[in-house]
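What follows is a set of notes on a single structure, which appears directly below.
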Amino acid sequence: FIEVKVAETAMAVMEGADEIDIVISVGKFLAGDYETMCDEIQELKAACKEKHLKVILETGALQTASNIKKASILSMYAGADFIKTSTGKQQPAATPEAAYVMCQAIKEYHALTGNKIGFKPAGGINTVNDALIYYSIVKEVLGEKWLNNSLFRLGTSRLANLLLSEIKGEEIKFF
């Protein structure tokens, strides 16, 4: 229920949360009920106050580039500060194709509104090469001004452990 989501969000912010992650109502989106999906995002953004709202699209469930772009645009107009590919619990999670479509949507939204929306691919990013692919997509589509942690993040604790292990020369399991 949206009332429970709003209450949980308000409580999290009251307890000191800097960012809130939500998942779009995929069922509502796929049924064409865009208004309810957007209303939920707007209500949760209001509960966030000035804190960042990251909206997870669950791109694997959206299935098509057209759906991914539409969900991206709707989420941004409804109040998302970041759009994120997935929770990592549904496959496919992050894919370069979904990332490209989402970054194109962010670029178009920025051109129309002047607002910079962050991007976070998450789920299935397990190697340095995977990370470089997403980095390259962001750099080529959105430009170098997006290559900072306030606008671009990677959802991958496994990669962090691999990088730390490589640097230290021993297996590290920090995350």
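Just so it is clear, the values below take in all heavy atoms, side chains as well, and ignore hydrogens, waters and symmetry mates.
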Which atom names give the shortest non-hydrogen contact between [X] and [Y], and what distance separates them?
| X | Y | value |
| --- | --- | --- |
| Ser75 | Leu57 | OG-CD2, 3.5 Å |
| Ile117 | Trp146 | O-NE1, 2.9 Å |
| Ala80 | Ile41 | N-CG2, 4.4 Å |
| Val138 | Cys103 | CG2-SG, 3.9 Å |
| Ala78 | Cys38 | CB-O, 3.8 Å |

Side chains of residues 15-27: which donor-acceptor pairs under 3.5 Å do they make with residues two or more places apart or in other chains?
| residue | atom | partner | partner atom | Å |
| --- | --- | --- | --- | --- |
| Glu19 | OE1 | Lys54 | NZ | 2.7 |
| Glu19 | OE1 | Arg153 | NH1 | 2.8 |
| Glu19 | OE2 | Arg153 | NH1 | 2.8 |
| Glu19 | OE2 | Arg153 | NH2 | 2.8 |
| Asp21 | OD1 | Lys54 | NZ | 3.1 |
| Asp21 | OD2 | Lys84 | NZ | 2.8 |
| Ser25 | OG | Glu40 | OE1 | 2.5 |

Task: Test log, rule side-chain contact (heavy atoms from CB on, under 4.5 Å), inputs Ile2 and Leu44 - done: CA-CA 8 Å; Ile2 187 62; Leu44 293 168; 4.2 Å; yes
Task: Members besides Phe82 in its Ile/Leu/Val/Met/Phe/Trp/Tyr cluster (side-chain heavy atoms under 4.5 Å) - done: none
- [ ] Under 4.5 Å between side-chain heavy atoms, chaining through other members, with only Ile, Leu, Val, Met, Phe, Trp and Tyr counted: pull out the rest of the cluster around Val4, sorted by chain and number.
- [x] Phe1
- [ ] Mark yes when over 12 heavy atoms from residues, nucleotides or ligands other than Lys51 sit less than 6.0 Å from its NZ; otherwise mark no.
- [x] yes
Task: Cluster check Tyr135, Ile133: I/L/V/M/F/W/Y, side chain < 4.5 angstrom - done: yes
For [X], what residues pass the side-chain contact (heavy atoms from CB on, under 4.5 Å) criterion, not counting sequence neighbours?
| X | answer |
| --- | --- |
| Ala94 | Thr85, Pro121, Ile125, Tyr134 |
| Glu140 | none |
| Tyr77 | Ile73, Tyr109, Leu112, Thr113 |

- [ ] Given side-chain contact (heavy atoms from CB on, under 4.5 Å), test Phe152 with Leu142 step by step and report yes or no.
- [x] CA-CA 10 Å; Phe152 174 55; Leu142 295 170; over 6 Å; no
Open item on the list: Can you tell me how far apart CD1 (Ile68) and CG (Leu62) are? Round to the nearest 0.5 Å.
Closed with: 6.0 Å
TODO: Answer yes or no: is there an ion pair linking Lys45 with Asp81, defined by an N-O contact shorter than 4.0 Å?
DONE: yes
Task: Side-chain H-bond candidate by donor/acceptor type, Asp130 with Thr127, under 3.5 Å - done: yes
